[in-house]
Asker: 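This structure is in structure tokens; I'll ask about it shortly.
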Amino acid sequence: MGQLLLPRLLQAGLVVLVVGVLCFVLVRALPGDAAMRIAAGRYGPDANITEAAENVRRELGLDRPLLVQLADSLGQIARFDLGRSVVTGMPITKELRIQLGATLWLAGSALVLTILIGPIVGLAAGLRTGGWADRASLGGAVVLRSLPPFVLGLLLILLFAMVLGWLPPAGYGEWRDLVLPALTLALGLAAMSSRVARDSVASVVRTPYFTFARLKGLPDAVVVRRHVLRNAAIPVIAYLALQAIYLVEGVVVVETLFGFPGIGHALVHAVIARDVPMVQGTALVMGLLFVVITAAVDLLCHWLDPRPKRT
Amino acid sequence: MTLSDVTLIPAARQRWLTPSRAFGLCLLALLALFALLGPILIDDDPTAQNFAASLAPPGGDYLLGADHYGRGMLARLAHGARLSFGMALLTVVTAAVPGVILGLLAAWRGGFLDRVLELVATVMLALPGLLLVLILLAFAPGTFGPLYLGLALTLWIEFYRVTRAAASTVLKQPHIEAARLLGFGSAYILRSYVLPEIRPLLMTLGAFGMATAIIAISTLSAISVGLQPPTPELGAMIVELLPYYAEAPFHVLMPAVLIFLLVLGLQLAARSEMR
């Protein structure tokens with residue numbers, strides 16, 4: 001178990017390091033004097049601005065060597081001190097806590113939907129390869145994979161919100177607002193996972209134990225439930241770890257598109273406003289969310305298939 | 001943004017030009033022609049406004065109509081296709097050249113260099129590619145520089161890993177040793193024994209990389225952190241035209257269809273078989 005999670009812990013450390021260093025460089029690379037900028041933000045344009053800037057420089061230690069400052073700012077991240085948003089002035093951690101809830105709802109519903117869609121389509125296609133279900137799902141997967149998430153989201157908005165008028169096009173509050181963004185993500189994920197599920201079901205169908213189970217007279221539903229599902233699930237779940245990248249990137253895009261007040265939405269707006277502490281905080285949380293999903297998938301795979309891996 | 005569904009093991013020697021790949025290549029050739037010749041043949045400035053022709057329907061003065069500022073859609077689509085194609089190609093070449101060279105070096109030399117490169121790749125893969133691009137975009141929002149740098153930084157790893165893995169299996173084979181014993185130099189061996197073996201893999205990776213780049217560039221422009229209007233960028237065009245969907249639905253769908261066809265062509269050309 002520990003051995004399973006150690007690489008993920010290392011990865012989490014790397015996420016903090018990469019985001020921390022990039023944002024540190026970002027603050028120094030922005031035009032103008034950092035101390036002057038902070039002083040102007042705090043006290044407004046003032047006659048004594050140079051003096052105030054000197055005070056800020058001494059207070060925040062901006063005159064120390066760069067490496068010391070970098071170590072200091074990484075230390076702050078490690079103590080969960082993410083600073084305050086330059087735009088709203090609120091502590092970052094407080095803003096993140098509100099947004100994380102929305103993002104988790106979205107990512108969670110997308111995962112649930114995709115686990116419902118992908119494997120069922122894959123099962124139908126894989127039990128009879130070359131049949132109409134197989135060919136239709138192949139066509140659907142190729143088309144869905146060629147649509148960027150934002151185009152897919154727009155098409156869903158056009159269909160369900162504007163033509164049919166069943167669901168709201170954007171917003172946040174009730175479950176109906178969650179359906180379209182979650183469906184956008186889920187369809188994109190299912191386009192990939194349904195083919196993995198299809199291949200893995202097809203390989204189970206070819207095994208002797210599947211033939212034997214049918215020959216001894218078990219009804220098809222029982223064969224599928226007892227013999228196919230768990231064996232075919234392993235590659236599909238393992239593939240979810242690779243899809244975590246798509247999920248996290250998709251969350252950023254889809255939240256922005258649907259005006260869904262989550263972390264991805266906040267990240268994009270922080271980039272536009274150049275709100276560096278906010279960029280750092282949101283990128284950290286999204287990066288760590290990615291690590292957590294992959295770690296959860298690792299554990300799930302271990303539970304489904306406890307045989308030790310030969311690597 | 002994953003290239004992970006590219007398998008390392010080449011399927012049993014089969015026909016290279018399968019029907020789906022032929023279709024994909026034809027589609028790409030047509031689109032490339034449109035992107036290359038379109039901006040030259042269509043004598044229309046993609047940023048010139050003509051409010052008399054605002055939201056003009058297809059047909060008439062403008063073959064595919066005009067957008068809300070009266071800019072010709074055909075000219076904008078052609079320039080947008082050239083922009084997407086060009087930037088994706090540039091990004092992939094920038095990622096592939098160092099990726100392949102470092103991969104060959106790592107497979108050839110091994111040791112310290114190999115371990116350092118592996119560490120660098122692990123560090124870069126810790127964060128999903130789009131997050132890296134977004135942080136870099138905060139340095140200079142709305143410009144191509146950070147977009148290009150971030151995409152190339154995430155894409156080179158796949159080229160490096162695949163080249164390294166494929167080259168090290170090739171290098172272990174007896175005919176390489178024989179060539180070395182015959183006194184052929186390293187450059188010759190890499191060029192005439194290793195590169196031909198890994199070229200099909202690199203082509204597949206390149207096509208997937210371009211699809212990734214096209215999707216990323218249009219997506220980031222659509223959420224207004226990538227390229228900014230009035231640049232004729234396909235993703236930005238969709239979002240710009242979206243408020244006028246009720247009056248001109250066809251206009252909104254045209255750039256979307258173009259992106260779809262570009263990515264579809266690349267996806268079909270990348271694999272020998274549809275999966």
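Just so it is clear, the values below take in all heavy atoms, side chains as well, and ignore hydrogens, waters and symmetry mates.
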Asker: Please state whether the side chain, the backbone, both or neither of B:Ile214 comes within less than 4.5 Å of a heavy atom of chain A.
Answerer: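 Neither part, no heavy atoms under 4.5 Å.
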Asker: Going from CG on B:Leu125 to CD on A:Gln11, what distance comes out if it is rounded to the nearest 0.5 angstrom?
Answerer: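 B:Leu125 CG to A:Gln11 CD: 8.5 Å, rounded to 0.5 Å.
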Asker: Compare all side-chain heavy atoms of B:Leu127 with those of A:Phe290 and state whether any distance is below 4.5 angstrom.
Answerer: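 Heavy-atom side-chain distance check fails, nothing below 4.5 Å.
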Asker: By a 4.5 Å heavy-atom criterion (distance strictly below it), what part of A:Leu158 contacts chain B: side chain, backbone, both, or neither?
Answerer: side chain
Asker: Let me know if A:Leu288 has heavy atoms under 4.5 Å from chain B in its side chain, its backbone, both or neither.
Answerer: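 When you check distances to chain B, no heavy atom of A:Leu288 falls under 4.5 Å.
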Asker: With chain B as the partner, which of A:Leu267, A:Val143, A:Val252, A:Leu257 has the greatest number of non-hydrogen pairs under 4.5 Å?
Answerer: A:Val143
Asker: Can you tell me which portion of A:Val253 sits under 4.5 Å from chain B's heavy atoms? Options are side chain, backbone, both or neither.
Answerer: both
Asker: Atom CZ of residue position B:Phe260 - does it have more than 12 heavy atoms of other residues, nucleotides or ligands inside 6.0 Å?
Answerer: yes
Asker: Non-hydrogen atoms of chain B under 4.5 Å away: do they reach the side chain of A:Val18, the backbone, both or neither?
Answerer: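 Contact with chain B is through the side chain of A:Val18 alone.
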Asker: Taking the side chain as C-beta and beyond, is there a heavy-atom pair between A:Leu155 and B:Leu253 under 4.5 Å?
Answerer: yes
Asker: Given that the side chain runs from C-beta out, which part of B:Leu220 has a heavy atom under 4.5 Å from chain A: side chain, backbone, both or neither?
Answerer: neither
Asker: Do B:Ile215 and A:Leu147 make a side-chain contact, defined as non-hydrogen atoms from C-beta onward lying under 4.5 Å apart?
Answerer: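 Counting from C-beta outward, B:Ile215 and A:Leu147 never come under 4.5 Å.
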Asker: Between A:Val268 and chain B, which part of the residue has a heavy atom less than 4.5 Å away: side chain, backbone, both or neither?
Answerer: both
Asker: Looking at every non-hydrogen atom in both residues, tell me the closest pair between A:Ala283 and B:Ile135 and how far apart they are.
Answerer: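 Heavy-atom minimum between the residues: CB-CD1, 3.7 Å.
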Asker: Examine whether an atom of B:Leu264 lies under 4.5 Å from a heavy atom of chain A, and if so say whether it belongs to the side chain, the backbone or both; otherwise answer neither.
Answerer: both
